[in-house]
There are 2 protein chains.
Amino acid sequence: MAQLFVCRGGDEMPRWREAFAEARLVGPGQARAQAGTGDRVWVMSDLEAWPRLVATLSQRGAILCVLSHAPNSLEAFQALGAGARGYAHALSPPELLRQVETVVTHQGIWVWPELLARVVGGAFRTLGGEAMLQEETLACLTERERAVALAVAEGLSNKAVARRLAITERTVKAHLGAVFRKLGVRDRMQLILKLSRQEQNAL
Amino acid sequence: MAQLFVCRGGDEMPRWREAFAEARLVGPGQARAQAGTGDRVWVMSDLEAWPRLVATLSQRGAILCVLSHAPNSLEAFQALGAGARGYAHALSPPELLRQVETVVTHQGIWVWPELLARVVGGAFRTLGGEAMLQEETLACLTERERAVALAVAEGLSNKAVARRLAITERTVKAHLGAVFRKLGVRDRMQLILKLSRQEQNAL
DNA sequence: ATCGGTATTGGACCGATGGACAGGGTGACA
DNA sequence: TGTCACCCTGTCCATCGGTCCAATACCGAT
């Protein structure tokens, strides 16, 4: 689980040393040669072809963070799109770098706070139109049917659904029958699969 | 620094208790009254007007995570747009919930991995985490038990599984019983949920 | 006022499911 | 040789799940 800072040879980076005593400063070539699964790799965005390097190491299982001297939303998207999990200012204080590391090693995403709002907003615009499949499938259900379907999708039994909705188990069966008919599924198992794999199908 | 789970009154959520012993289950009204700066608040997306609640508490300084039983991109960005820092499946295992908490308390963003993959364009991989999760659940099964479990995860009935594996339905039941016991699930529905989540993560 | 959709509940039926018994057969290992 | 884990099978039984037959009530539309 090495800690690598990828930058041009001439850079001196005391903050990184201060943040991670065991870190090593390497060039792009060394990074390609050394980085492997689980390694934390910090890449400067002023390197030539940094997105390519990020993508390569990311697919190899390394955890990538991109550091920029002039953070902007376009670059942030490039970084995340290439597989980076973090995007921060290159001059971030050591405490912040350690915080970023904590986040990314726990499967989180860390984005330069000033950019976060714009990043989220931009992604929302790009995805807003295409991710409505679930909307479609649940829209044809009545309020009660939808409630029953979602409860069943949690793995609850008919009896448990009845308790939650304060109705009879018999009524649950009635609604569930309507759900099966409308969604074209045979039983609750296929319903669970349908609802829990919406995103997969939407691809 | 309270830990609040906002859900409907009737919900029983042993996973949350398991993840955070000190957590409290509250209704939307209590959440509005109690949540303050630094509190971790987990909001179910099947509550009415959850985005409004998230926005309110987020602006008040609370750390918001949205949990959904049927995660999708649109809802994810609604959550992030409203100020949530985390978006995960409501049935996420306790370890995952704790991981999410670690990330969000360090100013990170945690998004349901397969949604994240769509956001950043597919280059994203969760090699470490997903591989370990797969290990945990399927490694403890024997070859035959795994085959039965995966067939059931497709929605096949015991009889269909028996035909596919060229064994008796009774044998399928026997293996399935062992699978339930080893994975700690009550019935095939919960097994489907457990396994279908992993298949999605394996994307 | 009648018609259609929705929500609710009842009874009955039957297949599917899961657990609790109880075995037999195999190969690995001490 | 005995033990152990795995794989396969059987019977019995309580429960669950899904569909058939109904019925009552509310509400909006025609």
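All chains are named by letter (A, B, ...) in the order of the sequence lines, taking the proteins before the strands, and each is independently numbered beginning at 1.
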Pair B/Q30-B/R24, side-chain donor/acceptor within less than 3.5 Å: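 Side chains of B/Q30 and B/R24: no pair found under 3.5 Å.
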Closest heavy-atom pair and its distance - A/L57, A/R32: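 Of all heavy-atom pairs spanning A/L57 and A/R32, the closest is CD2-CA, 4.1 Å.
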B/I63 backbone acceptor or donor facing B/R85 side chain under 3.5 Å: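 Side chain of B/R85 to backbone of B/I63: no pair is present.
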First of A/K159 and B/E143 reached from the 5' end of DNA chain D, by closest nucleotide: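 Between the two, 5'-proximity favours B/E143.
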Position toward the 5' end of DNA chain D (nearest nucleotide), A/R170 or B/L165: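 The residue mapped nearer the 5' terminus is B/L165.
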Nearest whole angstrom, please: distance from the [atom2] of [N] to the [atom1] of [X].
X      : N      : atom1 : atom2 : answer
A/R181 : C/dT6  : CZ    : C1'   : 12 Å
B/R146 : D/dC6  : CZ    : P     : 11 Å
A/K173 : C/dA7  : NZ    : C1'   : 18 Å
A/D187 : D/dT19 : CG    : C1'   : 13 Å
B/R188 : C/dG19 : CZ    : C1'   : 14 Å
A/L141 : C/dT6  : CG    : C1'   : 13 Å
B/F180 : C/dT17 : CZ    : P     : 10 Å
A/M189 : C/dG15 : CE    : C1'   : 12 Å

Test applied, side-chain hydrogen bond (donor to acceptor under 3.5 Å, both in side chains); reference residue, A/N158; option that passes from A/K173, A/E169, A/R188: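 With A/N158 as partner, side-chain hydrogen bond (donor to acceptor under 3.5 Å, both in side chains) holds for just one option, A/R188.
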Among the nucleotides [options], which one has an atom lying closest to any side-chain atom of [X]?
X      : options               : answer
B/N158 : D/dC8, C/dG18, D/dT9  : C/dG18
A/T168 : C/dT8, C/dT9, D/dC16  : C/dT9
B/A174 : D/dT9, C/dG18, D/dG18 : D/dT9
A/R144 : C/dT17, C/dG18, C/dA7 : C/dA7
B/T171 : D/dC8, D/dG17, C/dA16 : D/dC8

Whichever of A/K182 and A/I167 has its nearest DNA chain C nucleotide further upstream toward 5':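 Final value for this comparison: A/K182.
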Side-chain heavy-atom pair B/V179, B/V152 within 4.5 angstrom cut-off: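 They are not in side-chain contact.
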Salt-bridge present (A/R98, A/E101; N to O < 4.0 Å):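 A/E101 and A/R98: not salt-bridged.
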Among B/W50, B/W110, B/Y87, B/F5, the one residue meeting ring pair (Phe, Tyr, Trp, His ring centres under 6.0 Å) with B/W42: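 Exactly one candidate clears the test, B/F5.
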Global bending angle along the helix from C/dA1-D/dT30 to C/dA30-D/dT1, which compares the axes of five pairs at either end, to 10 degrees: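 The value is 30°.
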Any B/T142 side-chain nitrogen or oxygen under 4.0 Å from OP1 or OP2 of D/dA5: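 Negative; the distance criterion is not met.
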